[in-house]
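The structure appears below as structure tokens.
Here is how names work: the chains are called A, B, and so on, in the same order as the sequence lines, proteins then strands, and each is numbered from 1.
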Amino acid sequence: MTSGFYARPTLEVARDLIGKVLEHETPGGLASGIIVEAEAYIGEDDPACHAAAGLTARTAPLYGPPGCAYVYFNYGMHFLVNAVTGREGFPAACLIRALEPLDGIALMHDRRGRGRASAVHHDHELCRGPANLTRALGIDLGQNRVSLATSALRIVDRGMVRAPVAWSPRIGIRVGLDRPWRVYVVGNRCVSAARPLSGVAAPAAGPGPSRPAR
DNA sequence: CGTTCGATGCACT
DNA sequence: GTGCATCGAACGT
């Protein structure tokens, strides 16, 4: 995944990130997963994009070169990771919202708090949600602004088959709900449970999440 | 089933 | 001081 992949319209990048693999190599081992859900945040005119507030110390990575990570801290306890897109100087990025775990599943269970009340029980819950996946992969502000092509935190193409996707409004925001800029793999159990704020319509068409009855 | 709400820290007004 | 690109426990029905 060279930087050219990211130097394209953000919605195209979001679609093409689906099926790529996010990896994080740490002293504890390699943890990775297939990207199954992402969201686009595009420009200062997008009210939900952090760049709507302009260039600040926090949002500077969005204005930087495509292909870098934009990691930020939210709600007092969560880290969220984005891939910066578009041309340098134009603030846009794709938020990675969910992964289907591949490598380091035991490590991910440890990081999610194996044995504690907050621990998850199923592998498909490990990376379901943007804060859950950063915790499972050990991503924090130390990875802010790193290159996603050459760093321990990287996105690679493992030749996964192109799964059918659907688009919906983005999750967890109060503005910009008219823009259907969330893309996800239809029917994949690792996609975050959309807990839409009041008034958000159900996702677009498709077979719908197929819960394989146990 | 459904909805509400506390945890928890920081950037920005 | 306010408001988060969240999560999950704790309620209510």
Side-chain angles (χ1 to χ4, degrees), chain A residues 10-11 13-14 17-18 22 35-64 68-86 91-99 101 108-109 111-145 167-184 189-203 209 211 213-214:
Chain A
T10 303
L11 292 175
V13 177
L17 279 173
I18 302 298
L22 180 65
I35 298 171
V36 295
E37 180 182 358
E39 286 176 354
Y41 290 86
I42 309 174
E44 296 177 348
D45 293 335
D46 175 4
C49 182
H50 286 175
L55 174 60
T56 67
R58 182 205 201 192
T59 63
L62 288 171
Y63 293 80
C68 288
Y70 167 47
V71 182
Y72 71 95
F73 182 70
N74 201 10
Y75 289 108
M77 63 195 85
H78 300 305
F79 297 100
L80 279 67
V81 62
N82 299 251
V84 176
T85 61
C94 293
L95 171 71
I96 311 299
R97 284 195 58 92
L99 308 175
M108 292 196 247
H109 275 292
R111 288 175 172 149
R112 290 295 311 275
R114 189 204 298 276
R116 296 189 304 167
S118 62
V120 299
H121 296 94
H122 302 284
D123 292 350
H124 70 260
E125 297 176 286
L126 285 170
C127 299
R128 189 168 63 185
N132 286 335
L133 77 88
T134 57
R135 186 167 174 205
L137 266 61
I139 296 168
D140 59 26
L141 290 180
Q143 284 73 52
N144 194 25
R145 311 196 79 157
W167 295 82
S168 82
R170 295 166 292 181
I171 301 295
I173 56 176
R174 317 269 321 193
V175 294
L177 293 172
D178 54 320
R179 305 173 191 217
W181 290 351
R182 166 178 178 252
V183 59
Y184 60 96
R189 288 193 304 171
C190 302
V191 169
S192 68
R195 199 181 326 212
L197 299 177
S198 59
V200 176
R211 258 290 288 295
R214 314 215 43 87

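Residue Arg97(A) places at least one side-chain N or O under 4.0 Å from the OP1 or OP2 atom of dT6(C). Close to dG3(C), at under 4.0 Å from its OP1 or OP2, lies no side-chain N or O of Asn74(A). At the phosphate of dT8(B), neither OP1 nor OP2 sits under 4.0 Å from any side-chain N or O atom of His78(A). OP1 or OP2 of dG8(C) has at least one side-chain nitrogen or oxygen of Arg112(A) nearer than 4.0 Å.
Of all the heavy atoms in Ala51(A) and Pro91(A), the pair that sits closest is CB-CB, 3.4 Å.
Spacing of P atoms, dA5(C) relative to dT13(B), comes out at 13 Å, to the nearest Å.
Which of dT6(C), dG9(B), dA7(B) sits closest to the side chain of Phe73(A) comes down to dG9(B). Taking only side-chain atoms of Asn132(A), from C-beta outward, the nucleotide of dC7(C), dA5(C), dG9(B) with the closest atom is dC7(C). Side-chain proximity of Arg58(A) to dA11(B), dC7(C), dC4(C): nearest is dA11(B).
Distance Met77(A) CE to dA5(C) P: 14 Å, rounded to the nearest Å. Taking atom CD of residue Glu39(A) and atom P of nucleotide dT6(C), one finds them 8 Å apart after rounding to whole Å. Separating the NE2 atom of His50(A) from the P atom of dT13(B) is a distance of 13 Å, rounded to the nearest angstrom. The nearest whole Å value for the distance from the OH atom in Tyr72(A) to the P atom in dG3(C) is 17 Å. Remark: C1' of dG8(C) and CD1 of Ile171(A) are 17 Å apart, rounded to the nearest angstrom. Spacing between atom CG of Leu141(A) and atom C1' of dA11(B) amounts to 12 Å, rounded to whole angstrom units. With rounding to whole Å, Leu80(A) atom CG is found 15 Å from dA11(B) atom P. Rounded to a whole Å, the CG atom of Leu62(A) is 11 Å from the C1' atom of dA5(C).
Using bins of under 30°, 30° to 60° and over 60° for the plane-to-plane angle, the ring pair His122(A)/His124(A) lands in the parallel bin.
Geometrically, Arg97(A) does not engage Tyr184(A) in a cation-pi contact defined by less than 6.0 Å to the ring centre and at most 45° from the axis.
Nucleic acid contact for Ala131(A): sugar-phosphate only, since backbone atoms but no base atoms lie under 4.0 Å from a heavy atom of the residue.
His50(A) has its side chain out of reach of Tyr41(A): every pair of non-hydrogen atoms, C-beta onward, lies at least 4.5 Å apart.
For His109(A) and Asp123(A), the side-chain atoms include at least one donor-acceptor pair closer than 3.5 Å.
Pair assignment for dA5(C): none, as no Watson-Crick or G-U wobble contacts are both less than 3.5 Å. Figure legend. dT8(B) is base-paired to no nucleotide; pairs are counted as Watson-Crick or G-U wobble with both atom distances under 3.5 Å.
Residue ring and base: Tyr41(A) counts as stacked with dA5(C) (centre distance below 5.5 Å, interplanar angle below 30°).
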